[in-house]
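We name chains A, B, ... by the order of the sequence lines, and we start the count at 1 in each one.
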Amino acid sequence: MTELVMHPGLVLLVGALVLPLTAGHGRSLLQLALPLLSLWWVWQLPDGMVWQLHYLDYQLTPLQVDALSRLFATIFSLAAFAGGLFALQQSSRLEITAAYVYAGAAVSVVLAGDLITVFVFWEIMALASTLVLWSTTTAASGRSAHRYLIVHLFGGVLLLAGIAGQVQQTGDLAFTAMRADSVATWLILAGFLLNAGAPPLSAWLPDAYPEASWSGTVFLSAFTTKTAVYTLIRGFPGEPLLIWIGLFMVFYGIVFALLENDMRRILAYSIVNQVGFMVAGIGIGTELALNGAAAHAFTHIIYKALLLMSAGAALMQTGRSKCSELGGLFHSMPLTTLCASIGALASSSFPLTSGFISKSMISQSAADEHLLWVWLLMTAASAGVFLHAGITFPWFVFFQKDSGLRPSEPPWSMRWAMILLSALCIGLGLWPDWLYQHLPYTVSYEPYTGPHVVAQLQLLLFSGLAFFVFLPYLKRTLTITLDTDWFWRRGLPMLTQCGLVLGSQVTALLTAIGTHLRDAMRAGITQHLGDTGTQAKTWSLAAMGLVVMVMLIVQLLILLL
Amino acid sequence: MKQDTHWLDHPRHHKILWAGFIAALALTLVLEYVWPIHAHFGIDAVFGFNAGYGFVVCAAMIAFAKLLGWWLKRPDTYYEDGELHD
């Protein structure tokens with residue numbers, strides 16, 4: 001007997017389109033019910049290829065389930081639920097609809113068994129996330145959304161070209177592990193990496209995410225980069241290059257976050273940093289490393305959403321997002337401060353929080369493989385995470401000097417969303433087996449050993465010491481830091497400007513040469529053919545008669561001879 | 001006003017917090033005697049490696065960020081001044 005099976009991604013996606021037609025409590029209820037329905041369906045799906053269909057000559061598998069896809073579909077549905085709860089007070093109907101289409105497409109990507117389905121939902125994600133940005137009607141967010149869309153459409157072109165090449169070469173559409181050994185697979189890898197926030201186009205992320213609304217950023221943080229992490233785990237496990245790309249992202253995120261003033265941009269750089277850990281883990285490619293990358297994506301979505309919710313709450317209540325204008329909010333927002341601190345501790349992998357049980361698997365896999373430099377850099381980066389996100393964000397927003405602002409706590413729906421995610425951060429930290437039993441490979445890793453906890457506490461607390469010792473050097477300034485988006489925001493316009501100037505100079509030069517040539521030709525013609533020119537001047541009648549006579553004589557001679 | 005009476009606002013309590021923090025730092029070092037770190041490479045077997053390494057790399061990252069900041073920091077109206085408008 002075939003049981004009725006629903007596609008969890010489509011539940012969210014189609015349900016999202018119904019949302020704008022509802023109002024009041026009905027809308028709130030639907031907003032909360034849709035992600036839960038999607039989550040429920042994720043857990044009803046059996047393993048294997050659930051849906052298959054023929055399109056043209058191809059066998060498509062829009063619904064295929066295994067432990068990895070179930071894990072990601074679960075966390076995406078959960079993130080949509082937490083985001084939906086947090087956004088209950090959001091007045092923009094476009095934002096929540098776009099966000100659910102975006103979430104539904106992300107769930108659909110991780111449940112896709114073939115490359116064409118991946119691509120279709122990948123592009124829906126790009127469009128829907130652009131709409132999430134667009135729904136904030138400021139001029140800055142509009143321009144940022146333009147840039148975001150261009151970068152992602154470019155990524156889509158890379159991916160599509162790669163998929164076309166791959167299908168042409170192998171004749172196989174199935175989305176399985178590949179090696180970056182042909183132009184086609186390189187293009188696919190580049191398309192995936194672009195969405196992960198990898199260099200050189202990484203600046204799309206910190207450029208766009210902080211421009212969304214107080215609730216929009218929460219959605220944006222969850223799906224695009226983590227879908228990319230999923231596709232990398234599925235498509236390129238053990239690709240050595242990913243180790244170094246990941247490590248670059250890790251340090252790029254830390255250093256730029258240290259320089260940043262906007263609280264949500266700090267957290268955006270922190271996303272790149274955390275995704276870097278996952279990408280490096282995928283590059284290591286052992287079962288422990290891949291489990292670590294998947295587990296870290298799961299915990300990261302939760303604590304990053306929590307951090308962005310607390311930032312969103314601060315933004316909503318104060319209207320400010322610059323650290324230099326914030327501070328001392330713990331006086332009047334104790335619950336938000338507590339939730340932000342829990343998120344910050346989880347993000348720093350503090351023992352008893354979710355980050356500790358996931359990130360340590362990646363570091364352990366580097367140690368197990370005897371990758372000394374990778375391990376040293378990852379350990380340094382773990383210290384750096386506490387420095388740039390773990391302390392910096394809560395310190396500058398909620399503590400430091402008192403800004404005198406005394407905003408009240410956000411509405412209850414937002415508080416409940418933060419409480420839910422805080423509970424998950426601590427729950428997963430206390431009972432790691434909840435997560436471990438659902439990872440793609442069997443886990444034999446034990447995070448809570450005395451030596452491991454001591455080592456981690458030493459690393460983090462002494463990083464904290466460094467923060468407070470060097471605090472004067474970390475003062476926030478009213479600045480931005482140029483990133484690679486400079487090349488398309490300033491570089492390209494400047495190049496165009498240079499091109500225009502150069503063009504006009506060349507035109508002027510060519511015009512001058514043309515004028516000169518024309519004048520010279522005119523002078524020559526005038527000299528030879530003008531009134532006084534040798535060939536056009538008026539001859540006397542006698543001379544002309546003489547010439548004609550000579551010509552006639554010559555002709556007569558020719559005829560006679 | 002109530003807002004100025006929070007115990008965290010008193011400098012005296014800051015000293016207590018610092019003392020507690022330093023005690024926690026010391027405790028992590030003491031605990032290494034109880035649970036010696038499992039070394040994987042040799043360098044991590046040095047006593048207090050994680051503590052020293054954590055502090056030094058954070059200082060290095062702050063210094064590097066500072067240097068990069070001199071080169072790449074701009075006023076936060078940088079893009080607003082010359083952005084191509086629609």
Side-chain angles (χ1 to χ4, degrees), chain A residues 139-140 142-143 146 251 254-256 258-259 261-262 322 330-332 367-368 370 372 375-376 379-384 386-388 399 402 404 406 449-470 473-474 477-483 489-490 493, chain B residues 1-6 8-9 17-18 21-22 24-44 48-69 71-80 82-86:
Chain A
R143 286 195 296 275
H146 269 127
F251 285 100
I254 294 173
V255 170
F256 274 78
L258 282 175
L259 293 168
N261 188 27
D262 184 300
K322 291 172 185 166
F330 76 90
H331 287 98
S332 58
D368 288 350
H370 307 292
L372 174 63
W375 181 82
L376 277 175
T379 309
S382 297
F386 192 45
L387 184 71
H388 87 276
F399 298 102
D402 189 0
R406 292 292 181 271
T449 63
H452 182 208
V453 172
V454 170
Q456 186 70 359
L457 284 177
Q458 277 188 7
L459 188 74
L460 294 181
L461 291 183
F462 277 85
S463 309
L465 179 66
F467 176 85
F468 288 109
V469 168
F470 297 111
Y473 299 103
L474 290 167
T477 48
L478 264 177
T479 51
I480 56 151
T481 309
L482 298 187
D483 200 336
R489 294 175 76 173
R490 277 295 172 87
Chain B
M1 288 274 286
K2 188 171 170 280
Q3 64 204 38
D4 295 318
T5 58
H6 199 284
L8 271 176
D9 289 322
L17 284 175
W18 263 107
F21 183 47
I22 290 166
L25 293 172
L27 184 67
T28 60
L29 290 172
V30 173
L31 283 176
E32 195 175 334
Y33 284 109
V34 186
W35 288 298
I37 310 279
H38 289 313
H40 289 89
F41 300 103
I43 186 172
D44 45 339
F49 169 78
N50 283 282
Y53 187 63
F55 187 84
V56 169
V57 292
C58 282
M61 280 185 273
I62 293 171
F64 181 73
K66 202 79 191 154
L67 279 175
L68 201 69
W71 179 35
L72 294 177
K73 268 192 176 184
R74 295 289 184 279
D76 67 354
T77 52
Y78 177 80
Y79 285 117
E80 287 161 31
E83 190 109 76
L84 292 175
H85 290 271
D86 305 325

Trainee: Specify whether B:Phe41 and A:His370 have parallel, tilted or perpendicular ring planes, treating 30° as the upper limit for parallel and 60° as the lower limit for perpendicular.
Mentor: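 Plane angle over 60°, so perpendicular.
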Trainee: Select, from A:Thr477, A:Leu457, A:Ile254, A:Leu387, the one with the greatest count of heavy-atom pairs under 4.5 Å involving chain B.
Mentor: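 Looking at each option in turn, the highest pair count goes to A:Leu387.
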Trainee: Between A:Ala383, A:Ser332, A:Ala367, which has the largest tally of heavy atom pairs under 4.5 Å with chain B?
Mentor: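 Top count of heavy-atom pairs under 4.5 Å with chain B: A:Ala367.
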Trainee: Against chain B, label A:Leu461 side chain, backbone, both or neither, depending on which of its atoms sit under 4.5 Å from a heavy atom there.
Mentor: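 Both parts, backbone and side chain.
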Trainee: Contact part of B:Trp71 toward chain A, heavy-atom cut-off under 4.5 Å: side chain, backbone, both or neither?
Mentor: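 B:Trp71 has no heavy atom closer than 4.5 Å to chain A.
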Trainee: If you compare all heavy atoms of B:Glu32 against all heavy atoms of A:Gln458, which two are closest, and at what distance to 0.1 Å?
Mentor: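 The answer is OE1-NE2, 2.7 Å.
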Trainee: Quick one: what part of B:Phe21 sits under 4.5 Å from any heavy atom of chain A, side chain, backbone, both or neither?
Mentor: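 Just the side chain, heavy atoms under 4.5 Å.
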Trainee: Does a side-chain heavy-atom distance below 4.5 Å link B:Asp76 with A:Thr479?
Mentor: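 They are not in side-chain contact.
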Trainee: Tell me whether the NZ or CZ atom of A:Arg490 lies within the 45° cone about the ring axis of B:Tyr78 and under 6.0 Å from its centre.
Mentor: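 Judged by the rule (NZ or CZ under 6.0 Å from the ring centre, within 45° of its axis), A:Arg490 counts as positioned above B:Tyr78.
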Trainee: Using the side-chain contact (heavy atoms from CB on, under 4.5 Å) criterion, which residues pair with A:Ala455? Sequence neighbours excluded.
Mentor: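 Expected list: B:Ile37, B:Asn50.
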Trainee: Just to verify, what does A:Thr481 make a side-chain contact (heavy atoms from CB on, under 4.5 Å) with, not counting sequence neighbours?
Mentor: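 Residues passing side-chain contact (heavy atoms from CB on, under 4.5 Å) with A:Thr481: A:Phe256, A:Leu259, B:Leu72, B:Lys73.
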Trainee: Just so I know, are the side chains of A:Phe462 and B:Thr28 near enough to count as touching, which here means a heavy-atom distance under 4.5 Å?
Mentor: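 A:Phe462 vs B:Thr28: side chains touch.
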Trainee: If you tally heavy-atom pairs under 4.5 Å against chain A, which of B:Val34, B:Ile62, B:Leu31, B:Val56 wins?
Mentor: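 Heavy-atom pairs under 4.5 Å are most numerous for B:Ile62.
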Trainee: Which bit of A:Leu376 is near chain B, if near means a heavy-atom gap under 4.5 Å: side chain, backbone, both or neither?
Mentor: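 When you check distances to chain B, atoms from both the backbone and side chain of A:Leu376 fall under 4.5 Å.
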Trainee: Using non-hydrogen atoms and a 4.5 Å limit, figure out which bit of A:Leu258 sits close to chain B: side chain, backbone, both or neither.
Mentor: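 Interface part for A:Leu258: side chain.
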Trainee: Do A:Leu459 and B:Phe49 have side chains that approach each other closer than 4.5 Å (heavy atoms only, starting at C-beta)?
Mentor: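 Not in contact.
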Trainee: Using non-hydrogen atoms only, which part of A:Phe399 is less than 4.5 Å away from chain B: side chain, backbone, both, or neither?
Mentor: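 Side chain only.
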Trainee: Would you mind checking which part of B:Ile43 comes under 4.5 Å of any heavy atom in chain A, side chain (CB onward), backbone (N, CA, C, O), both or neither?
Mentor: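 Contact with chain A: side chain only.
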Trainee: As a quick check of understanding, evaluate side chain to side chain contact (heavy atoms under 4.5 Å, CB included) for B:Trp35 and A:His452, giving each step before the final call.
Mentor: CA-CA 9 Å; B:Trp35 288 298; A:His452 182 208; over 6 Å; no
Trainee: What is the minimum heavy-atom distance between B:Cys58 and A:Gly384, and which atoms define it?
Mentor: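 Taking B:Cys58 first and A:Gly384 second, the nearest heavy atoms are SG-N, 4.4 Å.
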Trainee: Tell me, for A:Leu465 versus chain B, whether the close heavy atoms (under 4.5 Å) come from the side chain, the backbone, both or neither.
Mentor: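 When you check distances to chain B, atoms from both the backbone and side chain of A:Leu465 fall under 4.5 Å.
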Trainee: Compare every heavy atom of B:Gly54 with every heavy atom of A:Ser463, then report the nearest pair and how far apart it is.
Mentor: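 In terms of heavy atoms, the two residues are closest at OG-O, 4.0 Å.
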Trainee: Of the listed residues (A:Phe467, A:Tyr473, A:Phe330, A:Phe468), which shares the most heavy-atom pairs with chain B below a 4.5 Å separation?
Mentor: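 The candidate making the most pairs under 4.5 Å is A:Phe330.
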